[in-house]
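Because the structure is a prediction, the values reported are computed rather than measured.
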Amino acid sequence: MAASRTSTTRKFLGRLSLPERNFIADALRTETVGGMLLLLAAVVALLWANIPALRPSYESISHFHLGPAALGLNLSVAHWAADGLLAIFFFVAGVELKRELVAGDLKDPKAAALPVIAAVCGMVMPAVVYVTTNLAGGGSLAGWAVPTATDIAFALAVLAVIGTSLPSALRAFLLTLAVVDDLFAILIIAVFFTGQLNFAALAGAAAGLAVFWLLLRQGVRGWYVYLPLAVVIWGLMYNSGVHATIAGVAMGLMLRCTRREGEETSPGEHIEHVVRPVSAGLAVPLFALFSAGVSVSGGALADVFTRPEPLGVVLGLVLGKMLGIFGGTWLTARFTRASLSEDLTWADVFAVATLGGIGFTVSLLIGELAFEGDATLTDEAKAAVLTGSLIATALASVLLKLRNNHYRRLCEAEERDEDQDGVPDVYEQDDPAYHLRMAEILERKAAEHRRLAALKEAERAGRLAEVPGGAGEENGSRA
């Protein structure tokens, strides 16, 4: 029986497969750069909105309207950033989700259980914390969804800033968890923040999506076909009463993310590779620029910790996310046959769970939707998101720094390539050819060491032979 249990034990947060590791590395590289731009945009927004001489220009630009009024699209700049540019972000999220479902960790139900349960618990607990705080303080329950989302770009930017060498398995766990988190955030937006429906526009958007799907299945190529169609679908979705970003998700999910014979990359991977820099480098930072500009005066900061709505958001992000993600992960391991990788400890999982409390892009968006029409609560929710994210960043930074030397050793082991064939050695331990190559390399090194040893021995023997003769000549000259 013991042998049987051992054979079925699964490791979670263990080493990734090489293709998955390479994909994660490429994805995180772009997300990290985008996260840096996101951090910069947030800082610029806060300065722009809080310097008295500059604040009027920030407000005038944010509220400047443009777009065809006849099509219902005469929107403010801030509105275009939230509903228009974020559709690009959600399109990339849709492609990521599709890839995870058909070729990534979510393809295998057993492997998917961990990030899915962790993500669900990491969204339920912040909502529970928010609701509890506001029931006790007599606040509005409308903002229950604000602290439920994790911002992966911001979290990875924090990792880059604090210089941690987080192992690829933990990074992949964080990324997969964030993908699932995005899925549920999308569902929350679609279900709870859909206004009065315009069924004609909704039918038009559905018809546009059907055409989009048929063109993909027929193998039609060309951005000049899909881009205008995507804009039409987005416009119809916006006018339908369903949040316009749902159009981006729907189109992302339609792309094929599996490779066929002769293809180096699938269409979904190719388009994601093209669009992701636009999303991470332009769309999300511009959204942050026009959403993060809130007052940070002493009174506003005091309100964050004294009024129930913003306090619920802060506690939801810091405590709710931490307890939800860590608790969901621990329960999954406790009641399944999975066990934690030998290289990691539960303290590492706790640190990543704390990092999940960094909510920014989607949290800011949901804050605007939840308190629409109440400018005071909207600004307080935004200030709370920034405050909670900052606290989560500080806690995660301390926890990760404590283990950074251990992470660095793990990363060095993951990257070591002694035979210089372009494949890390840890992925070749079961390959006989690898061991033969290493044997040949070591034999060459051993031969060189033997040659040097013989040379040094000969030099040493020569010096010893010269000493007696030289000493006798010197003594004789003195005599």
Quickly, which of L253, V249, V180 forms a side-chain contact (heavy atoms from CB on, under 4.5 Å) with L97? Name it, please. L253
What is the ring orientation for W346 with F326, classed by angle as parallel under 30°, tilted 30 to 60°, or perpendicular over 60°? perpendicular
So, taking the atom named NZ in K321 and the one named CD1 in I358, what distance separates them when rounded to the nearest 0.5 Å? 11.5 Å
For residues K382 and S291, is any side-chain donor paired with an opposing acceptor at under 3.5 Å? no
Should L386 and F360 count as side-chain neighbours, where that means a heavy-atom distance under 4.5 Å? yes
Atom of P308, atom of G137 and distance for their closest heavy-atom approach: CG-O, 3.8 Å
For the student: nearest non-hydrogen atoms of A351 and L400, plus distance: CB-CD2, 3.6 Å
For S363 and A149 the tightest heavy-atom approach is OG-O, 3.5 Å
Sub-4.5 Å side-chain heavy-atom contact between L369 and F192: no
Heavy-atom distance under 4.5 Å between the side chains of V120 and I117, does that happen here? no
Relative to each other, are the rings of Y226 and F212 parallel, tilted or perpendicular (30° and 60° limits)? perpendicular
Report the distance from atom CG of L319 to atom CG of L395, rounding to the nearest 0.5 Å. 9.0 Å
I'd like to check L73 versus N239 (side-chain heavy atoms, cut-off strictly below 4.5 Å). Are they in contact? yes
For the student: nearest non-hydrogen atoms of S62 and S76, plus distance: O-CB, 3.4 Å
Would you say V146 and V385 make side-chain contact, with heavy atoms under 4.5 Å? yes
Should we count CD of E372 as having more than 12 external heavy atoms under 6.0 Å? no
Any L174 side-chain heavy atom under 4.5 Å of L355 side chain: yes
dist L39:CG -> S389:OG (nearest 0.5 Å) comes out at 10.0 Å
How far apart are the closest heavy atoms of A292 and A42, and which atoms are they? CB-CA, 4.3 Å
Exactly one of V313, V318, L311 clears side-chain contact (heavy atoms from CB on, under 4.5 Å) with L315, and that residue is L311
So do T245 and F89 actually touch side chain to side chain, heavy atoms under 4.5 Å? no
Within a reach of under 6.0 Å around CZ of F350, are more than 12 heavy atoms found that belong to other residues, nucleotides or ligands? no
Minimum heavy-atom distance Y238-G72, with the two atoms named: CE2-O, 3.4 Å
When rounded to the nearest 0.5 angstrom, what distance separates OH in Y130 from CD in E309? 5.0 Å
More than 12 non-hydrogen atoms from neighbouring residues, nucleotides or ligands closer than 6.0 Å to NE2 on H65, yes or no? yes
With a 4.5 Å heavy-atom cut-off, do T194 and I246 have their side chains touching? no
